[in-house]
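A quick write-up on the structure given underneath.
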Amino acid sequence: MIDKEKVERAAALLLEGLGEDVGREGLRETPKRIARMYEELLGGMGQSPQEHLEKAFEAQGNGIVLEKDIVFHSVCEHHLLPFFGKAHIAYLPDGKVVGLSKLARTVEVYARRLQIQERLTAQVADALMAYLQPKGVMVLLEAEHMCMAMRGVKKPGTQTVTLESRGVFSEAEGLQESFWRMLGR
């Protein structure tokens, strides 16, 4: 878990390193605010997706389940800047399904960690395969990274897209095509 006292000290040191007076009115409480912010933004570090995916329900159908446009926010581990976007998750049940909110909660568990988008995409796919045990999974993430928009190359609006498939989605082009059609693409 996050050591708020260390984060506060580090934030104060960073502000001083930037030439700021941490005693001035606008900055006095900033180290505490930064510590609380990181505790919130990175709250997924101590969580497991298992708590969300272990309660499943029997299902008779054999069609694709798709939850799309799941908004997420994460923090890039390379620059400590946010990236945010939408996740789209499809799975082919093998006799059981989870509540739809559980897919969004799984994204949240992994997004609320220091991350890279590629790993986040794979972690969501792997968690669904491990805990839900479907016939297959496809996970697509589309995100804008502030490290691309605000610094370096400075290209706001640029979207990074990552895709992971597991099980029958890796093998069956027809299922992949169905995924894309369901997304409206």
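The structure displayed is predicted, hence computed values, not measured ones. The chain is numbered in sequence order, starting from 1.
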>> Could you go through Leu42 and Val75, starting from their C-alpha distance and side-chain angles, then the distance that decides it, and tell me whether this counts as side-chain contact (heavy atoms from CB on, under 4.5 Å)?
In response: CA-CA 8 Å; Leu42 303 177; Val75 177; 4.2 Å; yes

For residues [X] and [Y], report the shortest heavy-atom separation together with the two atoms involved.
{"X": "His73", "Y": "Val71", "result": "CE1-CG1, 3.9 Å"}
{"X": "Ala11", "Y": "Ile34", "result": "CB-CD1, 3.8 Å"}
{"X": "Val137", "Y": "Ala125", "result": "CG1-CA, 4.0 Å"}
{"X": "Leu114", "Y": "Leu80", "result": "CD2-CD2, 3.4 Å"}
{"X": "Ser74", "Y": "Ala111", "result": "OG-O, 2.6 Å"}
{"X": "Arg33", "Y": "Thr30", "result": "NH2-OG1, 2.8 Å"}

According to a hydrophobic-cluster definition based on side-chain heavy atoms being under 4.5 Å apart (Ile, Leu, Val, Met, Phe, Trp, Tyr only), do [X] and [Y] belong together?
{"X": "Leu175", "Y": "Leu66", "value": "yes"}
{"X": "Leu14", "Y": "Val22", "value": "no"}
{"X": "Leu183", "Y": "Leu163", "value": "yes"}
{"X": "Met1", "Y": "Leu41", "value": "no"}
{"X": "Val65", "Y": "Ile70", "value": "yes"}

Which distance, rounded to the nearest 0.5 Å, do you find between the [atom1] of [X] and the [atom2] of [Y]?
{"X": "Ser48", "Y": "Tyr110", "atom1": "OG", "atom2": "OH", "value": "6.0 Å"}
{"X": "Glu5", "Y": "Arg9", "atom1": "CD", "atom2": "CZ", "value": "6.5 Å"}
{"X": "Tyr131", "Y": "Lys102", "atom1": "OH", "atom2": "NZ", "value": "15.5 Å"}
{"X": "Lys6", "Y": "Leu13", "atom1": "NZ", "atom2": "CG", "value": "14.0 Å"}
{"X": "Lys32", "Y": "Met37", "atom1": "NZ", "atom2": "CE", "value": "15.5 Å"}
{"X": "Ile116", "Y": "Gln123", "atom1": "CD1", "atom2": "CD", "value": "9.0 Å"}

So, the side chain of [X] versus the backbone of [Y]: is there a donor-acceptor pair under 3.5 Å, distance only?
{"X": "Thr121", "Y": "Leu141", "answer": "no"}
{"X": "Glu144", "Y": "Gly157", "answer": "yes"}
{"X": "Glu118", "Y": "Thr162", "answer": "no"}
{"X": "Arg112", "Y": "Glu40", "answer": "yes"}
{"X": "Arg166", "Y": "Gly136", "answer": "no"}
{"X": "Gln117", "Y": "Thr160", "answer": "yes"}
{"X": "Arg105", "Y": "His52", "answer": "no"}

So, do [X] and [Y] sit near enough that their side-chain heavy atoms are less than 4.5 Å apart?
{"X": "Phe84", "Y": "Met146", "value": "yes"}
{"X": "Met182", "Y": "Ile64", "value": "yes"}
{"X": "Arg36", "Y": "Tyr38", "value": "no"}
{"X": "Glu164", "Y": "Met138", "value": "no"}
{"X": "Thr106", "Y": "Leu53", "value": "yes"}
{"X": "Val7", "Y": "Ile2", "value": "yes"}
{"X": "Lys4", "Y": "Glu39", "value": "yes"}
{"X": "Val124", "Y": "Leu128", "value": "yes"}

> How are the rings of Phe72 and Phe83 set to each other: parallel, tilted or perpendicular (split at 30° and 60°)?
Replying inline: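 The rings of Phe72 and Phe83 stand perpendicular, inter-plane angle above 60°.
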
Per-pair distances, 0.1 Å, donor-acceptor, side chain in residues 86-101, under 3.5 Å, sequence neighbours excluded:
unit_1, atom_1, unit_2, atom_2, d
His88, ND1, Asp69, N, 3.0
His88, NE2, Glu142, OE1, 2.8
Tyr91, OH, Val98, N, 3.3

> What's the verdict on side-chain contact (heavy atoms from CB on, under 4.5 Å) for Ser178 and Phe169, showing C-alpha distance, side-chain angles and the deciding distance?
Replying inline: CA-CA 10 Å; Ser178 292; Phe169 278 99; over 6 Å; no

> Can we say Glu77 and Arg113 salt-bridge, meaning some charged N sits less than 4.0 Å from an Asp/Glu carboxylate O?
Replying inline: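 A salt bridge is absent here (no side-chain N lies under 4.0 Å from a carboxylate O).
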
